[in-house]
Amino acid sequence: MTSEVISANPDTPFKDLVELMEEHRISAVPIVEGDYAIGVVSDADLLPKEEFRGGTAEKPAILSSRAEKRRWQRAHGVTAREVMTTPVRMIGMNASAGIAARELAKAGARRLFVADVDGSLVGVLSRRDLLKVFVKDDETLHDEILHEVFGSSTWLNPATVEVVVHDGVVTLRGLVERRSDVELAAHLVRAMPGVVDLTNLLSYEWDDTLRPRPAGTFG
């Protein structure tokens, strides 16, 4: 995440919001009271001022969509409080990158604001921030897989496994004890931040996924 968040207060004038976003080349500003985000103003919240010519355009018809009516109301706004969107899409600072990506995808959003355990604003997480995990070099990713997947924290022995990483694509070769270990290794490696794909060539000594035949059955 980006910890230096450019923010504004509810009484920030409309023009100052535009200048703030232009100066810092950002597309949204959280509106903060104390340490807490109470709303967010994005470029989409400011555009109705132009769309409806500052509110001078004809008011939407009764059967118009709620979204169009809300944009018309925003066209009359002169402060952050009058144009901001609520509630703010927030995520906890300890949430995984996977959860953050899922939340962004579900909401169709470009950013999430990050909250501390007490709910105070501590950062902003963009789609670009999440994609940075794939910039990780192959050697670093290789070492992380060995340590976190095949290290002492699991029962998978790194001495029996070869890990090769090329352009973020991981290949596993070697022998593990059980078939379930092959599946476990694949699951853990695919979940590692920065892994683009996995080729799992691990073999196993015995298949612990087969159910024993009930006593007294034949054939």
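All heavy atoms count here, side chains included; hydrogens, waters and symmetry mates do not. Throughout, residue positions are numbered sequentially from 1 according to the sequence presented.
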Task: Pairing residues for Lys15 by the salt bridge (charged side-chain N to carboxylate O under 4.0 Å, His left out) criterion, not counting sequence neighbours - done: none
Name the atoms and distances for all side-chain donor-acceptor pairs under 3.5 Å in residues 188-197, with sequence neighbours left out.
| from | atom 1 | to | atom 2 | distance (Å) |
| --- | --- | --- | --- | --- |
| Arg190 | NH1 | Asp197 | OD1 | 3.2 |
| Arg190 | NH2 | Leu198 | O | 3.4 |

Open item on the list: According to side-chain contact (heavy atoms from CB on, under 4.5 Å), who are the partners of Ala97, at least two apart in sequence or on a separate chain?
Closed with: Leu130
TODO: Apply the side-chain contact (heavy atoms from CB on, under 4.5 Å) test between Asp129 and each candidate in Val124, Leu112, Thr2; give the one that qualifies.
DONE: Thr2
TODO: Using the rule that two of Ile, Leu, Val, Met, Phe, Trp, Tyr join whenever any of their side-chain heavy atoms come within less than 4.5 Å, decide whether Leu121 and Val40 are in one cluster.
DONE: yes
Task: Asp116 side chain vs Gly119 backbone, donor-acceptor pair below 3.5 Å - done: no
- [ ] Tell me, yes or no, whether the heavy-atom count around His24 atom NE2, taken from other residues, nucleotides or ligands under 6.0 Å, exceeds 12.
- [x] yes
- [ ] Sequence neighbours left out, what passes side-chain contact (heavy atoms from CB on, under 4.5 Å) with Ala44? Give chain and number order.
- [x] Ser42
- [ ] Could you note down all residue pairs passing salt bridge (Lys or Arg N to Asp or Glu O under 4.0 Å) where residues 21-45 supplies at least one of them, sequence neighbours left out?
- [x] Glu33-Arg81, Asp43-Arg110, Asp45-Arg74
Open item on the list: If you compare all heavy atoms of Ile26 against all heavy atoms of Val29, which two are closest, and at what distance to 0.1 Å?
Closed with: CD1-CG2, 4.0 Å
Which donor-acceptor pairs under 3.5 Å do side chains of residues 178-185 form with protein atoms, sequence neighbours excluded?
| from | atom 1 | to | atom 2 | distance (Å) |
| --- | --- | --- | --- | --- |
| Arg178 | NE | Asp181 | OD2 | 3.3 |
| Arg178 | NH2 | Asp181 | OD1 | 3.1 |
| Arg179 | NH1 | Asp207 | OD2 | 2.9 |
| Ser180 | OG | Asp208 | OD1 | 3.4 |
| Ser180 | OG | Asp208 | OD2 | 2.6 |
| Asp181 | OD1 | Trp155 | NE1 | 3.1 |
| Asp181 | OD2 | Arg178 | N | 3.3 |

What pairs of donor and acceptor atoms, side-chain ones from residues 161-169 against any protein atom, are under 3.5 angstrom apart with sequence neighbours left out?
none

- [ ] Look at the side chain of Thr160 and the backbone N and O of Leu175, then say whether any donor-acceptor pair between them is shorter than 3.5 Å.
- [x] yes
TODO: Could I get the full list of side-chain contact (heavy atoms from CB on, under 4.5 Å) partners for Leu47, not counting sequence neighbours?
DONE: none
Open item on the list: Could you report the tightest heavy-atom contact between Pro48 and Ala75, atom names first, then the distance?
Closed with: O-CB, 3.4 Å
- [ ] Please name all residues satisfying side-chain contact (heavy atoms from CB on, under 4.5 Å) with Val114, sequence neighbours left out, ordered by chain then number.
- [x] Met1, Ile91, Met93, Val122, Leu125
Task: Same apolar cluster: Leu146 and Leu141, side chain cutoff 4.5 Å - done: yes
Open item on the list: Just to verify, what does Glu205 make a salt bridge (charged side-chain N to carboxylate O under 4.0 Å, His left out) with, not counting sequence neighbours?
Closed with: none
TODO: Find out whether Leu46 and Met21 are in side-chain contact, i.e. whether some heavy atom of one side chain is under 4.5 Å from a heavy atom of the other.
DONE: yes
Open item on the list: Could you tell me if Ser203 and Arg173 have a donor-acceptor pair between their side chains, going purely by distance under 3.5 Å?
Closed with: no
Task: Qualifying salt bridge (Lys or Arg N to Asp or Glu O under 4.0 Å) pairs, either residue in residues 63-72, two or more places apart - done: Glu51-Arg71
TODO: Give every residue pair that meets the salt bridge (Lys or Arg N to Asp or Glu O under 4.0 Å) criterion with at least one member in residues 84-108, sequence neighbours excluded.
DONE: Glu103-Lys106
